[in-house]
2 protein chains.
Amino acid sequence: MSVKILIVDDHPLVLEGLKSLLADTEGVQVVGTASNAIDAITFLKNNEVDIAFLDINLPDISGIDLCKKVKDQFPEVKTLALSTFNERAYVSRMIQNGASGYLIKSSGKEDILEAIEQVQAGGYFMNVQFDQAAPTGAPKTVPFLTRREKEVLVLIAEGLTNPQIAEQLFISVTTVNSHRQNLLMKFEVSNTASLIKLAAGLGLI
Amino acid sequence: MSVKILIVDDHPLVLEGLKSLLADTEGVQVVGTASNAIDAITFLKNNEVDIAFLDINLPDISGIDLCKKVKDQFPEVKTLALSTFNERAYVSRMIQNGASGYLIKSSGKEDILEAIEQVQAGGYFMNVQFDQAAPTGAPKTVPFLTRREKEVLVLIAEGLTNPQIAEQLFISVTTVNSHRQNLLMKFEVSNTASLIKLAAGLGLI
DNA sequence: TCAAAAATCATGCTTTTAGAGGATTGATTG
DNA sequence: CAATCAATCCTCTAAAAGCATGATTTTTGA
């Protein structure tokens with residue numbers, strides 16, 4: 001009996017690539033694909049799936065949220081995060097949300113098959129490149145940000161100054177500054193440039 | 001006689017996906033793939049190619065530079081830029097460097113085939129999504145940056161301050177500041193946060 | 001070769017950030 | 001209920017960034 005796989009990614013090329021790579025493989029069967037979270041959930045309701053490959057960047061909701069939804073509604077479905085370099089740091093969040101592993105999209109066929117094997121056996125799979133190839137100042141994990149911090153972060157990225165942000169959010173400049181300091185602390189950086197670079201690399205802005 | 005295609009991308013999945021999409025298509029033949037610029041150039045030296053699909057983010061040199069190299073050394077080869085959302089703005093630079101068009105990686109099969117047809121006929125191809133889906137404050141074009149400006153930009157993104165950058169580059173703080181001001185001007189922004197966000201979105205850092 | 005562009009430096013001024021050290025309120029939750 | 005945490009506000013200082021204006025020297029490309 002073959003492992004039933006659902007692929008969720010909004011890039012037809014990735015979909016096609018994975019399908020093609022897995023097509024001629026014994027014991028593995030791509031039973032469906034989806035390009036957004038809603039279709040993915042719908043598919044899971046109506047079909048039996050062993051492993052769901054989840055892209056981290058989806059048009060409607062983030063892969064992280066989708067992962068949570070899937071594990072909540074379909075706990076028997078194992079999930080594998082699909083990420084690119086820049087999203088490495090997201091992965092720990094996926095794992096926290098119940099993912100059984102992750103694959104970077106530049107993985108070769110061997111990695112992918114190994115991942116499926118491991119995960120299907122109830123284990124976890126992590127690309128080895130994960131730890132070594134962490135480029136330029138990526139944090140170990142995506143810091144947990146509060147609602148307000150996220151708002152402030154976005155406004156900083158849009159180029160607003162503290163006074164402007166204060167005006168926008170109807171709060172005092174000192175409060176904005178507090179959030180700003182907290183952001184710097186949580187990202188373990190010491191200025192706006194690094195902050196924005198990291199946040200951008202993590203897809204937060 | 002079929003159109004001979006070379007695909008240059010460092011993601012096996014994209015390579016596989018494109019190959020798979022084009023495999024069963026009449027009149028189109030993927031004659032080779034490369035995952036970096038050096039391999040691509042080598043392949044072009046030894047093989048006849050009609051159209052080269054060039055990923056914008058390659059491990060060794062940027063797709064923009066590769067595009068230039070290809071057009072210099074192999075003017076008869078037509079080039080098609082492969083980009084993701086975030087790199088839209090790069091595309092104009094590719095066109096300036098002689099590319100015959102671009103495809104975003106989320107294109108479907110129809111788009112890809114149409115692109116090949118157009119380009120092979122001597123025309124240009126642009127995804128329609130290009131103009132409409134320009135998100136959050138992207139500039140019309142990627143500003144042209146000088147060598148020094150790029151260096152300074154990277155160091156800013158790494159979180160260095162003007163004094164630190166000055167020390168690093170063995171130049172005066174005022175000079176660093178000049179470059180910084182020029183960067184702000186060229187990107188049409190007024191602070192570091194916006195600058196880094198844009199630069200990150202364009203894959204410059 | 002000659003003009004444009006790049007890289008270099010300076011001065012003075014204002015605004016914004018970064019950093020330290022608090023303090024208060026309200027909600028959540030074990 | 002007490003502890004925790006988010007969100008709010010405060011003062012003060014020093015450092016850095018932003019803005020204007022202007023100038024000299026290399027490079028480089030047409």
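Each chain gets a letter, A, B and so on, in the order its sequence line appears, and its residues count up from 1. Not measured: the values here are computed from a predicted model.
Checking the phosphate oxygens (OP1, OP2) of dT15(C), no side-chain nitrogen or oxygen of Thr161(A) falls inside 4.0 Å. Taking side-chain N and O atoms only, Thr175(B) has a distance below 4.0 Å to OP1 or OP2 of dC9(C). Listed pair Asn162(B) / dA17(D) meets the phosphate criterion, a side-chain N or O lying under 4.0 Å from OP1 or OP2. Between Ser172(A) and the phosphate of dT8(D), there is no side-chain N or O to OP1/OP2 separation shorter than 4.0 Å. For the pair His179(A) and dT8(D), the criterion of a side-chain N or O lying under 4.0 Å from OP1 or OP2 is met. Considering only side-chain N and O atoms, Thr192(A) lies under 4.0 angstrom from the phosphate OP1 or OP2 of dA18(C).
One can place CZ of Arg180(B) at 18 Å from C1' of dT8(C), the figure rounded to the nearest angstrom. A straight line from CZ of Phe170(B) to C1' of dA7(C) spans 17 Å, rounded to a whole angstrom. One interatomic measurement links the two molecules: CG of Asn177(B) to P of dA10(C), which rounds to 12 Å at whole-angstrom precision. The distance from atom CZ of Arg147(B) to atom P of dT28(D) is 9 Å, rounded to the nearest whole Å. As a whole-Å value, the separation of Leu169(A) CG from dA6(D) C1' is 15 Å. Taking atom CE of Met185(B) as the reference point, atom C1' of dA20(D) lies 13 Å away to the nearest angstrom. The interatomic distance linking Leu184(A) (CG) with dA20(C) (P) rounds to 11 Å, in whole Å. Between the P atom of dC19(D) and the CG atom of Leu195(B) lies a distance of 12 Å, rounded to the nearest Å.
Comparing dG19(C), dT11(C), dG18(D) against the side chain of Gln181(A) picks out dG19(C) as the nearest. Side chain of Ile171(A), nearest nucleotide from dG18(D), dC9(D), dA7(C): dC9(D).
No side-chain donor from either of Thr42(B) and Asp39(B) sits under 3.5 Å from a side-chain acceptor of the other.
The base of dC9(C) is paired with the side chain of Ser178(B) by a donor and an acceptor separated by under 3.5 Å.
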- Test side-chain hydrogen bond (donor to acceptor under 3.5 Å, both in side chains) on Asn177(B) and Thr174(B) and set out the steps. CA-CA 5 Å; Asn177(B) 199 49; Thr174(B) 59; over 6 Å; no
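Contact of the Leu169(B) side chain with the Leu155(B) side chain is registered, since non-hydrogen atoms from C-beta on lie closer than 4.5 Å. At a threshold of 4.5 Å between non-hydrogen side-chain atoms, the residues Glu151(A) and His179(A) do not count as touching.
For Glu149(A) and Lys186(A), the salt-bridge test passes: some basic side-chain N is under 4.0 Å from an acidic carboxylate O.
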